[in-house]
Student: 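Can you read through this structure? Questions will come right after.
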Amino acid sequence: MARNLIIFSLVVLSMIAIASSETKKKDLGKIIVHGTVLCKQGNKTIEGATVTLNCTGQPQGDKPRQIITVVSNPTNAKGEYTIGVAATLESGEKLIHCKVTLKSSPLKTCKVPTNINKGIKGFGLTSVKHTDNPKDKLFLVPALFFTSSK
């Protein structure tokens, strides 16, 4: 009985190890986006603003592309935000064609998004910086601006 239990345990552990190694093969790291949000009047930083990261997945075969949308945490006192997402979806699709857009500003006097640096249309992520993890891709986004009126 004890021998069967040991064999069963070894089989289960082997299956977990195989599943874990297959998951690691699909891991392409993270997409990390960093930037700032400012008010056009006086180039003041906006604490509490949010941006949106929109990416599409690379289609596999005849499957349609998946689209993901991630809203940043509110910007800090320096107007900075950082968004990190896995570079692959659970389906195995690699994320491609990512853009950052302005979402919201907490300031009543500076809450209208502008298209400076494509804050409305979406700033496309193209320039990759190196990180400590070679699988991760860091994208620096130029300042995005809100203004007081249209």
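Quick note: residue numbers are just sequence positions, from 1.
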Student: Is I32 reachable from F123 through a run of hydrophobic residues whose side-chain heavy atoms are each under 4.5 Å from the next?
Tutor: no
Student: Just verifying a value: how many Å separate I46 CD1 and N76 CG, rounded to the nearest 0.5 Å?
Tutor: 12.5 Å
Student: Among I96, L53, L138, L140, find the residue that satisfies the side-chain contact (heavy atoms from CB on, under 4.5 Å) test when tested with L125.
Tutor: L53
Student: If you round to the nearest 0.5 Å, how far is SG of C39 from CG of L107?
Tutor: 6.5 Å
Student: With rounding to the nearest 0.5 angstrom, report the CG to CZ distance, L102 to F145.
Tutor: 10.0 Å
Student: Should V51 and V85 be regarded as members of a common hydrophobic cluster, given that ILVMFWY residues are connected when their side-chain heavy atoms come within less than 4.5 Å of each other, either directly or indirectly?
Tutor: yes
Student: Checking the side chain of N115 only, and the main-chain atoms of I120 only, is there a donor and an acceptor separated by less than 3.5 Å?
Tutor: yes
Student: If you measure from CD1 on I116 to NZ on K118, what distance do you get to the nearest 0.5 Å?
Tutor: 14.0 Å
Student: I'd like to know if the side chain of N117 and the backbone of L144 have a donor-acceptor N/O pair within less than 3.5 Å.
Tutor: no
Student: Are any side-chain N or O atoms of T36 and backbone N or O atoms of E80, one a donor and one an acceptor, separated by less than 3.5 Å?
Tutor: no
Student: Evaluate the criterion side-chain hydrogen bond (donor to acceptor under 3.5 Å, both in side chains) for residue pair T50 and S104; output intermediate values, then yes/no.
Tutor: CA-CA 5 Å; T50 57; S104 68; 2.7 Å; yes
Student: Using only heavy-atom distances, determine whether the side chains of T109 and S148 contain a donor-acceptor pair under 3.5 Å.
Tutor: no
Student: Without swapping roles, check the side chain of T101 against the backbone of G119 for a donor-acceptor pair under 3.5 Å.
Tutor: no
Student: So, do V33 and Y81 sit near enough that their side-chain heavy atoms are less than 4.5 Å apart?
Tutor: yes
Student: Supply the atom-to-atom distance L95 CG to Q58 CD, rounded to the nearest 0.5 angstrom.
Tutor: 10.0 Å
Student: If hydrophobic clusters are built by linking Ile, Leu, Val, Met, Phe, Trp and Tyr wherever their side-chain heavy atoms come under 4.5 Å apart, do V141 and I31 end up in the same one?
Tutor: yes
Student: For the atom pair SG (C110) and CD (Q41), what is the distance rounded to the nearest 0.5 Å?
Tutor: 5.0 Å
Student: Do T82 and H34 have a side chain donor and acceptor closer than 3.5 Å?
Tutor: yes
Student: In terms of hydrophobic clusters joined by side-chain contacts under 4.5 Å, are I83 and I68 together?
Tutor: yes
Student: E47 and P106: which non-hydrogen atoms are nearest, and at how many Å?
Tutor: O-CG, 3.1 Å
Student: Go through V37 and T45 one step at a time and tell me if the side-chain contact (heavy atoms from CB on, under 4.5 Å) criterion holds.
Tutor: CA-CA 6 Å; V37 179; T45 60; over 6 Å; no
